[in-house]
There are 2 protein chains.
Amino acid sequence: MSEALWDRSRCSVAGTLAVVGEKWSLLVLREAFFGVRRFADFQRVLGAPKAVLSDRLATLVEQGILRRVPYQAEGERQRQEYRLTTKGRDLYPTLVALMQWGDTHLADGPPPLELQHQDCGAPVHLELVCEAGHRLSGAWEVRPVAQSRANALVAHTLAEDAKA
Amino acid sequence: MSEALWDRSRCSVAGTLAVVGEKWSLLVLREAFFGVRRFADFQRVLGAPKAVLSDRLATLVEQGILRRVPYQAEGERQRQEYRLTTKGRDLYPTLVALMQWGDTHLADGPPPLELQHQDCGAPVHLELVCEAGHRLSGAWEVRPVAQSRANALVAHTLAEDAKA
DNA sequence: ACAGTTAGGTTCGTCAAGTGAACTCAGGAG
DNA sequence: CTCCTGAGTTCACTTGACGAACCTAACTGT
């Protein structure tokens with residue numbers, strides 16, 4: 001039925017999860033976005049086991065998401081710190097998406113963190129938009145199109161879900 | 001230094017990952033968005049071990065992200081299928097974010113899947129926007145503001161004072 | 001010179017989680 | 001009554017996470 005609707009093995013969701021889907025990876029990146037750079041700070045603030053943290057940082061560097069930068073505090077030897085690359089910074093929407101979902105569906109109070117536009121101070125959120133400028137309100141307004149096979153069934157089942 | 005900048009333990013990123021961060025969970029949801037509903041279809045299309053799949057489906061149901069719906073194919077007994085709830089459908093931006101990152105950073109060719117606006121056919125993507133309508137181009141235009149419980153209380157009492 | 005401290009790890013034993021094959025169970029088909 | 005099929009469960013095995021302990025190089029105080 002939904003036999004080879006499209007090639008799942010080349011799906012970018014799976015690919016991305018293979019890179020940042022392990023435990024702690026995305027939390028390490030969350031902290032990186034908040035300016036954490038040094039091993040001990042990651043360790044203290046996350047509470048992750050050092051062995052795991054060491055491994056995650058290594059694979060994130062290997063993947064080009066973080067880069068090691070030598071630095072030297074006064075009266076200390078040279079050490080390495082971890083900074084986001086452009087590739088890493090592009091994961092920001094992913095973290096915002098996770099945060100937004102948690103804020104609206106796991107809330108036991110006000111969201112613990114609000115994102116504001118640096119320039120105007122207004123709250124920031126993610127939106128699905130098309131290149132014609134329309135704002136979409138959810139998945140049911142999207143038609144996924146595989147390379148060679150268009151498929152109307154998908155839209156159909158989603159519409160059914162929405163009704164039920 | 002970055003001591004208690006804000007309370008990480010209540011962070012929605014961590015909360016969301018606690019719910020959908022296990023292996024296979026987000027891939028199950030990806031398939032759900034493509035209209036997959038039945039156990040055997042998930043199993044065949046993902047290649048996940050049945051035991052894990054069974055567990056992931058159960059916790060997603062438990063969390064209110066999927067719901068079990070009885071159905072009956074002709075000439076078969078009644079069975080259960082899994083459908084997205086509203087809470088589940090709200091995870092769509094997360095999957096789109098993961099997909100977009102993979103498309104731009106793991107590409108070994110054209111993206112295997114394109115999302116089009118149902119109405120106008122234009123390609124769809126995620127954008128960070130603020131409530132004043134500005135489009136932000138990345139994390140550096142965002143200022144995270146901790147909404148500490150104390151701040152919330154203060155705001156609340158101030159609001160009360162204003163009324164009295 | 002020498003012990004102590006600190007950042008940034010590694011090693012190790014234990015315990016939880018993922019994996020694939022085999023088994024179960026309920027009902028319809030032949 | 002037996003076989004088949006969808007939807008799981010059970011089991012033995014391997015991989016991954018965990019926390020405590022240990023290691024190392026540079027610098028610091030004595």
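Model, not experiment: these values are computed from the prediction. In what follows, chains carry the letters A, B, and so on, assigned in the order in which the sequence lines appear, proteins first and then strands, with residues in each chain numbered from 1.
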J.: Is any side-chain heavy atom of B:Phe33 less than 4.5 Å from a side-chain heavy atom of A:Val13?
T.: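 No; the side chains remain at least 4.5 Å from each other.
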
J.: Indicate the ring-plane relationship of B:Tyr82 and B:Phe42, choosing parallel, tilted or perpendicular according to the 30° and 60° boundaries.
T.: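 Correct class here is perpendicular.
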
J.: Among residues 22-33 of chain A, which residues get a heavy atom nearer than 4.0 Å to DNA chain D?
T.: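 Correct list: A:Lys23, A:Trp24.
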
J.: Can you tell me how far the CD atom of B:Gln100 sits from the NE2 atom of B:His125, to the nearest 0.5 Å?
T.: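 If I round to the nearest 0.5 Å, the distance is 7.5 Å.
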
J.: Using a 4.0 Å heavy-atom cut-off to protein, can you give one letter per nucleotide of nucleotides 1-15 of chain D, 5' to 3': B if the base is in contact, S if only the sugar-phosphate is, - if neither?
T.: -----BBBBB-----

J.: Contact class for B:Val52 (heavy atom, under 4.0 Å): base, sugar-phosphate, or nothing?
T.: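 Answer is base: heavy atoms of B:Val52 come under 4.0 Å of a base.
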
J.: On DNA chain C, reading 5' to 3', which nucleotide is the first and which the last to sit with an atom under 4.0 Å from a heavy atom of chain A, could you check?
T.: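 Range of nucleotides within reach of chain A: C:dT6 to C:dT11.
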
J.: Quick check for you: to the nearest 0.5 Å, what is the distance between B:Leu98 atom CG and A:Thr16 atom OG1?
T.: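 Interatomic distance, B:Leu98 CG to A:Thr16 OG1, rounded to 0.5 Å: 5.5 Å.
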
J.: Strictly by salt bridge (charged side-chain N to carboxylate O under 4.0 Å, His left out), give each pair with a member in residues 80-93 of chain A just once, sequence neighbours left out.
T.: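 Listed once each, the pairs are A:Arg37-A:Glu81, A:Glu81-A:Arg83.
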
J.: With rounding to the nearest 0.5 Å, note down the distance linking CG in A:Leu46 to CH2 in A:Trp24.
T.: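 Rounded to the nearest 0.5 Å, the CG-CH2 separation comes out at 6.0 Å.
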
J.: As a test of understanding, state which of A:Leu53, A:Thr59, A:Leu57, A:Val52 forms a side chain to side chain contact (heavy atoms under 4.5 Å, CB included) with A:Asp55.
T.: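 Result for side chain to side chain contact (heavy atoms under 4.5 Å, CB included) with A:Asp55: A:Thr59.
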
J.: Quick one: side-chain hydrogen bond (donor to acceptor under 3.5 Å, both in side chains) partners of A:Glu127, sequence neighbours excluded?
T.: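 Per chain and number, A:Glu127 pairs via side-chain hydrogen bond (donor to acceptor under 3.5 Å, both in side chains) with A:Arg135.
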
J.: Considering residues at least two apart in sequence or located in another chain, which fulfil the side-chain hydrogen bond (donor to acceptor under 3.5 Å, both in side chains) criterion with B:Gln43?
T.: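 B:Gln43 satisfies side-chain hydrogen bond (donor to acceptor under 3.5 Å, both in side chains) with no other residue.
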
J.: With side chain to side chain contact (heavy atoms under 4.5 Å, CB included) as the criterion, how do B:Leu128 and A:Leu126 come out once you've worked through the C-alpha distance, each side chain's angles and the decisive distance to 0.1 Å?
T.: CA-CA 5 Å; B:Leu128 275 174; A:Leu126 273 180; 3.8 Å; yes

